[in-house]
Chemist: 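Just passing along the structure, written as structure tokens.
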Amino acid sequence: MNLNDLTKISGQFQNTEKMPVLFLGHGSPMNAIEENQFVQGFRNISKEIPKPNAILCISAHWFTNGTFVTAMDMPKTIHDFYGFSKELFEVDYPAPGSPELARETATLLLPETVEEDHNWGLDHGAWSVIKHLYPNAEIPVIQLSIDYTKPPQYHFDLAKKLQKLREKGILIIGSGNIVHNLRMVDWKNINTVGAGWDWAIEAREKTNNWLLDGNFQNLIDYQQQGIALQTAVPTPDHYLPLIYSLGLKENSDSLSLFNDELIGGSLSMTSVRIG
């Protein structure tokens with residue numbers, strides 16, 4: 001795949017300066033409708049980066065056997081949660097899709113098989129954060145699923161193949177949480193910013209240091225990094241979107257953190273800007 005092949009993408013996706021890459025700690029679905037420092041952090045980051053031609057999101061909430069990409073013209077807003085307020089279930093984020101970008105994404109990832117999907121839509125890992133970045137829902141959004149049968153190194157390497165999209169004004173967003181253990185949430189401090197169990201504090205400190213030092217191999221091999229990391233990442237679904245974002249970092253890219261706080265004892269909102 002070379003840059004000329006990307007001219008197949010519709011004329012709206014012109015050559016641009018290289019876009020940044022984001023990893024967003026999305027936290028509770030309620031962040032979609034609440035006003036807090038994390039929501040403000042999402043809004044602020046959108047002001048600091050160029051307006052994208054389209055968005056490709058890798059969400060913790062589309063965890064599949066195989067890899068899929070949404071390819072419909074108008075993806076539906078999926079309310080993939082329960083037990084929350086009626087107001088949250090009424091949120092609609094009517095961003096258009098982009099079948100052409102979906103096809104080009106699948107082409108870039110060859111020889112891996114990526115199937116076009118016409119049923120999924122935008123899950124809350126995508127719309128609950130993107131709505132704060134671009135509230136008018138005018139920017140096309142597609143999602144790429146995470147194949148749960150593959151190890152972290154596979155996802156890191158797969159993400160590298162998407163690099164050329166950054167030169168077409170495509171904002172690539174990983175959405176999950178680095179520290180995410182719902183079974184150990186401290187419900188008394190669910191809204192207390194800075195509240196973290198000792199293992200969560202240790203995991204956040206280690207992962208932040210590796211991120212800032214560029215030690216991505218330790219982050220890829222997180223399961224070998226001790227009890228704190230194993231407790232912080234009991235399942236890979238919310239962690240692997242970070243690995244996709246890191247796979248897109250080039251040597252010339254800077255890396256910075258924002259929304260870097262623990263909450264509820266066992267969750268981190270730490271987010272990453274690359275480039």
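What's counted below: heavy atoms across the whole structure, side chains too, no hydrogens, waters or symmetry copies.
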Chemist: How does the hydrophobic cluster around Met74 look, that is, which other residues are in it when side-chain heavy atoms under 4.5 Å mark a link?
Modeler: none

Chemist: Using atom types as modelled and distance alone, determine if a side-chain donor or acceptor of Lys76 lies under 3.5 Å from a backbone N or O of Asn119.
Modeler: yes

Chemist: Does Glu261 come within less than 4.0 Å of Arg204, counting only side-chain N to carboxylate O?
Modeler: no

Chemist: Can a donor-acceptor pair be found, under 3.5 Å and without considering hydrogens, that links the side chain of Ser271 to the backbone of Met269?
Modeler: yes

Chemist: I'd like to know if Lys51 pairs up with Glu138 as an ion pair, taking the criterion as any Lys NZ or Arg NE/NH1/NH2 lying under 4.0 Å from an Asp or Glu carboxylate oxygen.
Modeler: yes

Chemist: Run the side chain to side chain contact (heavy atoms under 4.5 Å, CB included) test on Thr270 and Thr207 for me, step by step, so that the C-alpha distance in whole Å, both residues' side-chain angles and the decisive distance to 0.1 Å come before the verdict.
Modeler: CA-CA 10 Å; Thr270 303; Thr207 53; over 6 Å; no

Chemist: Mind telling me whether His132 and Phe42 have parallel, tilted or perpendicular rings, with 30° and 60° as the class edges?
Modeler: parallel

Chemist: What closest approach, in Å, do Arg166 and Pro20 show between heavy atoms, and which atom pair accounts for it?
Modeler: NH2-CA, 4.0 Å

Chemist: Does atom CG of Asn136 have more than 12 heavy-atom neighbours from other groups under 6.0 Å away?
Modeler: yes

Chemist: Should His79 and Thr77 count as side-chain neighbours, where that means a heavy-atom distance under 4.5 Å?
Modeler: yes

Chemist: Would you say Ser145's side chain and Phe68's backbone share a donor-acceptor pair under 3.5 angstrom?
Modeler: yes

Chemist: Over 60° means perpendicular and under 30° means parallel, so classify the ring planes of His61 and His26, tilted if in between.
Modeler: tilted

Chemist: Report yes or no: does Tyr239 contribute a side-chain atom to a donor-acceptor pair with the main-chain N or O of Leu219 at less than 3.5 Å?
Modeler: yes

Chemist: What residue among Asn177, Leu242, Ile173 forms side chain to side chain contact (heavy atoms under 4.5 Å, CB included) with Leu24?
Modeler: Ile173

Chemist: Once the angle between the rings of Phe156 and Phe216 is folded into 0 to 90°, is it parallel (under 30°), tilted (30 to 60°) or perpendicular (over 60°)?
Modeler: perpendicular

Chemist: Work out which heavy atom in Ala203 is nearest to a heavy atom in Val179; give both atom names and the distance.
Modeler: CB-CG2, 4.3 Å

Chemist: Between Arg273 and Glu48, is there a salt bridge with N-O shorter than 4.0 Å?
Modeler: yes

Chemist: For Lys47, what residues pass the salt bridge (charged side-chain N to carboxylate O under 4.0 Å, His left out) criterion, not counting sequence neighbours?
Modeler: none

Chemist: Could you tell me whether a side-chain N or O of Ser98 sits under 3.5 Å from a main-chain N or O of Leu101, the two making a donor and an acceptor?
Modeler: yes

Chemist: Show me the donor-acceptor pairs within less than 3.5 Å that the side chains of residues 183-190 make with the rest of the protein, sequence neighbours left out.
Modeler:
from	atom 1	to	atom 2	distance (Å)
Asp186	OD1	Lys188	N	3.4
Asp186	OD2	Asn189	ND2	2.7
Asn189	OD1	Thr192	OG1	3.0

